[in-house]
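Worksheet: one structure, shown below.
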Amino acid sequence: MTRLKGLDLLALGFMTFALFLGAGNIIFPPSAGMAAGQSIWFAAAGFLLTGVGLPLLTVVALARVGGGMDRLTAPLGRGAGTVLAVAVYLAIGPLFATPRTAVVSFEMGVAPFTGNSGIPLFVYTVLFFIATLFLVVNPGQLVDRVGKFITPVLLAALLVLGGAAIFAPAGDIGTTADSYRNGPLLKGFLEGYLTMDTLGALVFGIVIATAIRDRGVSDPALVTRYSMIAGAIAAAGLSLVYLALFYLGATSQGIAGEAQNGVQILTTYVQHTFGTTGSLLLAVVITLACLTTAVGLTTACGEFFSGLLPVSYRTVVIVFTLFSLAVANQGLTQLISVSVPVLVGLYPLAIMLVALSLLDRCWISPGRVFVPVMVVTLIFGVADGLSAAGLTDWVPSFFTALPLAAQSMGWLAPVLVTLFIAVIVDRILGATHTRSSTSAT
C-alpha cells in the first residue's frame, strides 16, 4: 500500500494553497481591513469563517465522498445533479473565473508598466494561457510543477509582502468606516462570502484527489485523509495571508485613504514601501497566484467534462483554454458585470450542498431533505442574483424585504425554515416506514 511521506504531503498542501490563492483573495482583505479600522480583528474573524472555513469544509465533504461533485449531488438525482455540476464548472471555469485570472493579473501586475490598451492585454493573455495549458496537459505532474516549484516562489513573495505589512506598516490602524461600526463580524463574514472560494473548492476537490491517486495512493481512506491534510495546510496558509493583508489595509488609511478597491490599496502600499521594486514584487505575486488558480480550474473542468462527454481530457482543456482566452479579451469590467450575478445565484446552492452533505448521517432519506432545500435555495438564490445584476424590478418585494437581502443573503432565512420542515417530514416518514415494516413482519 502506497503512503505519502511528509515532504509529499507538504507539497500537496502547497499545491492546494496555490490553487485557492487567486487575485480576488489578495484584493478583498486589504479593502476590508481598511474599512474595518479599529474593528479589524472582528471583521477578520468573520472573513476567515467564509473565506477559509467554508472552502475547507467543502474539501472535507468532497474527500468523504471520494473527491467528485457528482457524489455530493447524488441525493438530488442524476439529472438535477448533473445540471448543477455543469453550471458550477462552467461558471468557475471558462465562462467567468478562469478568464478573470488572466485579466486581473494583467490589470494589477502588467498594466502599470504597459498601459491598459487591447494589444498588451492580448499578448499577455496569450502567454498566460500558453503557460496554463503547458501545466494542465499532464495533470499527474501538478504536485511536482505547482506544489514543489511555483508555490515556493509564490510563498516567498507573499512572505516579503506580508512581513512588510506587519513590520513596516504605513501608519497606525485607522478609523472604522460606517459600514463596519455595527456588526463588524457579520460584515466581515459577508465580505469573505464574496471571495467565492466555496465554488472553487467544489471543483478543486477532484483535482486534489486525482493528484493523490497519481502518486500511487489507491486506498480510499488514505485519499480522504490526505485530502483533509492538504485542505488544512491550505487553510492555514490562507489564514496567514488574509490576516497580514487585513493589517496592511487597516494601517494604510494615511497613504491610500481615497482608494476605491484593494488593487489601489496594494499598489499604493508597495510603491510607498518598496518603490518600483515593490511594483515588480506585486506583479510576481499576482501573476503566480492567478496562474496557479487558472491551472486548477482548467484541470478540474477537463477531468469533469471528459468524464461526462465522449471527448478526451486533452481536447477539453485545449478548447476551454482557447475559450477562456477569447472571453478574457472582452475586458475586466464587462466580465465582472456579467459574472457577479451568476456567482451570487450559485453560491447559496454550493453552501447548502456542502452543509447537507456533511450532515448526511442526520437524514433517514437524504433525498427528502436535499430536494426541497435545494429547490428553495435555487429560487431565492436566483432572486439574489437578479438583485445583484440591478434587475430589482424583476424581483417581487417579498424577496427584497427578507432579512439580509441587501447583503445578497436573503436566501438564508427561507432555506433554514425549509430545512427544519424537511427534517421533521423525513423523521415522520422514516418512522412510519419502520413501523410498517415491523408490523408486516
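Side chains are part of it too, since the values below use all heavy atoms of this structure and drop only hydrogens, waters and symmetry mates.
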- Item | Flag, side chain of Ser105 to backbone of Thr287, donor-acceptor distance under 3.5 Å | no
Quick one: side chains of residues 357-365, donor-acceptor pairs under 3.5 Å with protein atoms, not counting sequence neighbours, listed by atom name and distance.
{"from": "Ser357", "atom 1": "OG", "to": "Leu353", "atom 2": "O", "distance (Å)": "2.7"}
{"from": "Asp360", "atom 1": "OD1", "to": "Arg64", "atom 2": "NH2", "distance (Å)": "3.3"}
{"from": "Trp363", "atom 1": "NE1", "to": "Leu356", "atom 2": "O", "distance (Å)": "3.1"}
{"from": "Trp363", "atom 1": "NE1", "to": "Leu359", "atom 2": "O", "distance (Å)": "3.4"}

- Residues two or more places apart in sequence or in another chain: which of them pass side chain to side chain contact (heavy atoms under 4.5 Å, CB included) with Val376? Phe380, Pro414, Val415, Thr418
- Task: Dump the intermediate steps for side-chain contact (heavy atoms from CB on, under 4.5 Å) on Leu95 and Val327, then the final yes or no.
- Result: CA-CA 7 Å; Leu95 291 181; Val327 174; 5.8 Å; no
- Contacts of type ring pair (Phe, Tyr, Trp, His ring centres under 6.0 Å), residue Phe106, not counting sequence neighbours: Tyr124
- Quick one: list whatever passes side chain to side chain contact (heavy atoms under 4.5 Å, CB included) with Ala300, sequence neighbours left out. Tyr89, Val203, Ile206, Val207
- Return the set of residues passing side chain to side chain contact (heavy atoms under 4.5 Å, CB included) with Leu412 (not counting sequence neighbours), or none when no residue passes. Leu404, Met409, Leu416
- Task: With side-chain contact (heavy atoms from CB on, under 4.5 Å) as the test, would you mind laying out the steps for Phe20 and Thr293 before giving the verdict?
- Result: CA-CA 6 Å; Phe20 277 108; Thr293 300; over 6 Å; no
- Item | Nearest non-hydrogen partners of Ala328 and Leu121, listed with the distance | O-CD2, 4.0 Å
- Item | Qualifying residues under side-chain hydrogen bond (donor to acceptor under 3.5 Å, both in side chains), relative to Thr125, sequence neighbours excluded | Asn329
- Ile173: side chain to side chain contact (heavy atoms under 4.5 Å, CB included) partners, not counting sequence neighbours: Gln38, Ile40, Tyr247, Ala250, Thr251
- Gly231 versus Val59, closest heavy-atom pair with distance: CA-CG1, 4.3 Å
- Query: Closest approach of Phe370 and Pro75, non-hydrogen atoms and distance?
  - Reply: CG-CB, 3.6 Å
- Nearest atoms (heavy-atom pairs only) where Ala164 meets Phe274: CB-CZ, 3.5 Å
- Does any N or O in the side chain of Ser306 come within less than 3.5 Å of the main-chain N or O of Glu303, such that one atom is a donor and the other an acceptor? yes
- Below 4.5 Å, heavy atoms only, C-beta onward: do Thr299 and Tyr313 meet side chain to side chain? yes
- Below 4.5 Å, heavy atoms only, C-beta onward: do Thr98 and Thr132 meet side chain to side chain? no
- Message: If I take atom CE from residue Met15 and atom CD1 from residue Ile233, how far apart are they, to the nearest 0.5 angstrom?
- Response: 11.0 Å
- Note on the structure: d(Met374 CE, Leu84 CG) to nearest 0.5 Å is 5.0 Å
- Task: For Tyr242, check ring pair (Phe, Tyr, Trp, His ring centres under 6.0 Å) against everything at least two apart and list the hits.
- Result: Phe47
- Task: Search all heavy atoms of Ala36 against all heavy atoms of Ala43 and return the closest pair with its distance.
- Result: CB-CB, 3.7 Å
- Message: Are the side chains of Leu202 and Ile92 in contact, using a 4.5 Å heavy-atom criterion?
- Response: no
- Item | With Thr198 via side-chain hydrogen bond (donor to acceptor under 3.5 Å, both in side chains) - residues at least two apart | Tyr347
- Message: Quick one, Val241 with Phe17, criterion side-chain contact (heavy atoms from CB on, under 4.5 Å). Give me CA distance, side-chain angles, the key distance, then yes/no.
- Response: CA-CA 11 Å; Val241 170; Phe17 167 79; 4.0 Å; yes
- Between CG of Leu378 and CE of Met352, what distance do you get to the nearest 0.5 Å? 13.0 Å
- Message: Can you tell me how far apart OG1 (Thr73) and CG (Leu76) are? Round to the nearest 0.5 Å.
- Response: 6.0 Å
- Message: Quick one, Val316 with Phe304, criterion side-chain contact (heavy atoms from CB on, under 4.5 Å). Give me CA distance, side-chain angles, the key distance, then yes/no.
- Response: CA-CA 9 Å; Val316 173; Phe304 175 75; over 6 Å; no
- Task: Using the test ring pair (Phe, Tyr, Trp, His ring centres under 6.0 Å), find all partners of Phe129 that sit at least two apart in sequence or belong to another chain.
- Result: none
- Query: Do you know the tightest heavy-atom contact between Val373 and Ala422?
  - Reply: CG2-CB, 4.4 Å
- Message: Using the ring pair (Phe, Tyr, Trp, His ring centres under 6.0 Å) criterion, which residues pair with Phe305? Sequence neighbours excluded.
- Response: Phe320
- Note on the structure: Taken to the nearest 0.5 Å, the spacing of Thr224 OG1 from Ile229 CD1 works out to 11.0 Å
- Task: Taking the side chain as every heavy atom from C-beta outward, state whether Leu54 and Val354 have any pair of such atoms under 4.5 Å apart.
- Result: no
- Within a strict 4.5 Å, meaning less than it, do heavy atoms of the Val110 and Pro120 side chains meet? no
- Using the test side-chain hydrogen bond (donor to acceptor under 3.5 Å, both in side chains), find all partners of Ser312 that sit at least two apart in sequence or belong to another chain. Thr315
- Query: Quick check: does any side chain N or O of Thr273 sit under 3.5 Å from a backbone N or O of Val270, one acting as donor and the other as acceptor?
  - Reply: no
- Message: Distance check, rounded to the nearest 0.5 Å: Leu266 atom CG versus Leu161 atom CG?
- Response: 6.5 Å
- Any Asp8 side-chain heavy atom under 4.5 Å of Tyr226 side chain: no
- Phe246 side chain near Pro30 side chain, heavy-atom distance below 4.5 Å: no
